[in-house]
Amino acid sequence: GDSSSPSQIISRFQQYLQINTAQPTPDYHLAAEFLISQADSISLPSRSIEFVHGKPLVLIHWPGSDPDLPSILLYSHTDVVPAEPHKWDHPPFSAHLDPSSGRIFARGSQDMKCVGMQYLEAVRRLKASGFRPRRSVYLAFSPDEEIDGHDGAEKFAYSDVFDALNVGVVLDEGLASPGDSYRPFYAERSPWWLVIKAVGAPGHGAKLYDNSAVENLFKSIESIRRFRASQFDLVKTGLRAEGEVISINTAFLKAGTPSPTGFVMNLQPSEAEAGFDIRIPPTADPESLERRINEEWAPVSRNMTFQFKQKASVYDKEGKPKLTKTGSSNPWWILLEEAVAKADGKLGKPEIFPAATDSRYFREWGLPAIGFSPMANTPVLVHDHNEFLSQAEYLKGIEVYELIIRAFTSSEHTGASKDHKDEL
Ligand SMILES: CSCC[C@H](NC=O)C(=O)O
Ligand SMILES: [Zn+2]
Ligand SMILES: [Zn+2]
């Protein structure tokens, strides 16, 4: 049929969603093959690059008429988080379209196969209309975002391939919005995965004594919980947005002496451990949090040690907090606002993304990166059961990207890129 018809557009989205790219065993090759076939069908050159064997990144190029201008990078990740099929109303890789609501159910429908395909559809339409971009446009489809991006975005952002693209601005994922405004993100919180460990003399389960491992750990946990409550209160009272406070949540608790029937009940263990997922906004002071960890959460005086399983810096290469400028100080931001308005959409106020995205690897170079997924009137279902996006919202998002790409590629401002960032 007509490749520009809504049913064909939706069918291509469904095809991408049906490729099972769930961690920890994503079918990256099938996804790459599909994406390359999409590039072929709109006559754009593409390549599949394996910075790490078995983990292809697909790069598609729409050459601009002024290739010396910094380019636009339309970025997305191809992997998705796992799903528990029996807890879904429709199989998570069926991309079932509910005829009455128009909802498409699939893992990845919001995070973020929607965005990757919308970029492609927007380019397809602009190209068909005869539009020729001034700047070059690159589409990158990257592996491994969901497991840290080390073999995906990080390798890419540090590669010669990336340097050769002369990227001036990156568009990456945002979050759905239950209201009618799209949500733009100018920064994200840095993940710190902290494991604290306490040791202490073992003893009889009937004895009350100080400095057992578990007592030592509990003192830390009490302090951690007070800190957590103080941060959460700022959100509950509306003083801060979710992305503006430090979050800390328990990932695991570990202590006890195993026995064939469970745990030994009358023995106080000599070691106890806990793991925490901490997220720090770039607006917070990481040194003061480190002091808290050293002095209150894992003090040597209480026989405690700690280690980080993950510790992303809040600073970029130049030692500045990883923030993309917003509003009138960033010409890209203005272009985004104008494009969304032109599409009759609303743009909410800039937010800090509460979790991690691959944008951190681009912001690390001082590059502007904007998190934006055009999904309004949609519940936030990233990583949840029954993740869905309505076909109307999906189609609307393509129009929004058409206008964004038009605006970004036409603008004459020189912009800045990784090696020439003095202008932004
Ligand atoms: C530290 S890499 C983990 C990346 C992951 N990103 C999306 O959920 C996250 O937990 O935020
Ligand atoms: Zn994502
Ligand atoms: Zn995710």
Side-chain angles (χ1 to χ4, degrees), residues 16-17 19-24 26 28 31 52 55 57 74-84 92 106-119 140-157 170-177 183-185 187-195 242-243 245-252 275-282 286 307-314 322 351-364 369-375 378-389 397:
Y16 189 31
L17 291 168
I19 300 170
N20 187 336
T21 51
Q23 294 290 355
Y28 281 141
V52 172
K55 298 184 176 188
L57 176 148
L74 304 176
Y75 186 88
S76 66
H77 62 83
T78 55
D79 60 327
V80 299
V81 287
E84 299 166 84
R107 175 59 85 224
S109 55
Q110 292 191 13
D111 179 15
M112 63 174 297
K113 285 176 169 168
C114 50
V115 170
M117 281 310 285
Q118 284 167 322
Y119 294 150
F141 296 84
S142 200
D144 275 16
E145 188 277 341
E146 297 293 1
I147 58 165
D148 64 22
H150 293 317
D151 290 348
E154 189 172 31
K155 291 268 180 340
F156 176 49
V170 182
L171 283 181
D172 187 15
E173 66 191 309
L175 290 171
S177 164
R183 305 168 64 184
F185 295 87
E188 65 184 56
R189 297 194 294 192
S190 297
W192 285 11
W193 291 345
L194 174 72
V195 175
E242 187 191 2
V245 299
I246 299 175
S247 66
I248 175 158
N249 289 304
T250 309
F252 72 85
F276 301 91
D277 180 313
I278 306 174
R279 306 288 171 136
I280 310 171
Q307 119 188 54
F308 287 105
K309 297 282 177 191
Q310 179 90 233
K311 190 169 183 258
S313 174
V314 304
K322 276 182 252 174
E351 293 181 62
I352 298 175
F353 199 89
T357 71
D358 281 338
S359 288
R360 68 188 183 283
Y361 298 114
F362 305 112
R363 293 196 185 112
E364 198 160 293
I370 301 175
F372 177 78
S373 299
M375 297 181 282
T378 303
V380 183
L381 293 170
V382 279
H383 299 198
D384 206 339
H385 304 315
N386 293 314
E387 182 180 348
F388 74 79
L389 180 60

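Everything numeric here is computed off the predicted structure, so don't read it as measured data. Numbering of ligands and ligand atoms starts at 1, following listing order. Counting from 1, the numbers follow the sequence of the chain as shown. Every heavy atom of this structure was used, including side-chain atoms; hydrogens, water molecules and symmetry mates were not.
- Between the side chain of Thr21 and the backbone N or O of Thr78 there is at least one donor-acceptor pair closer than 3.5 Å.
- Looking at Gln307, its side chain never comes within 3.5 Å of a backbone N or O of Leu194 through a donor-acceptor pair.
- One N or O on the side chain of Glu387 and one on the backbone of Gly108 form a donor-acceptor pair closer than 3.5 Å.
- Comparing Gly149, Ala355, Ala356 by heavy-atom distance to atom 5 (C) of ligand 1, the nearest is Ala356.
- Protein heavy atom closest to atom 2 (S) of ligand 1, with residue, atom name and distance, is Asp148 CA, 3.3 Å.
- Using a 4.0 Å cut-off between heavy atoms, Arg360 contacts ligand 1 through its side chain alone, with no backbone atom that close.
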Test side chain to side chain contact (heavy atoms under 4.5 Å, CB included) on Phe185 and Asp172; report intermediate values, then the result. CA-CA 9 Å; Phe185 295 87; Asp172 187 15; over 6 Å; no

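- Using a distance-only test at 3.5 Å, with no hydrogens or angles considered, no donor-acceptor pair links the side chain of Arg279 to the main chain of Pro354.
- Scanning both residues, Ile147 and Asp79, for their nearest heavy atoms gives N-OD2, 4.2 Å.
- Here Lys322 pairs with Glu364 under the salt bridge (charged side-chain N to carboxylate O under 4.0 Å, His left out) rule; sequence neighbours left out.
- Each of the atoms 1 (C) of ligand 1 lies under 4.0 Å from some heavy atom of Trp193.
- By the criterion of a separation under 2.8 Å, the protein N/O/S atoms near the Zn ion (ligand 2) amount to His77 NE2, Asp111 OD1, Glu173 OE1, Glu173 OE2.
- Looking at Tyr75 and Ser142, their side chains do bring a donor and an acceptor atom within 3.5 Å of each other.
- Counting only heavy atoms of the protein, atom 8 (O) of ligand 1 lies nearest to His383 CE1, 3.1 Å.
- What sits closest to atom 4 (C) of ligand 1 on the protein, heavy atoms only, is Glu145 O, 3.8 Å.
- Atoms CD and CG, on Gln110 and Leu381 in that order, are 4.5 Å from each other to the nearest 0.5 Å.
- Closest to atom 10 (O) of ligand 1 among all protein heavy atoms lies Arg279 NH2, 2.9 Å.
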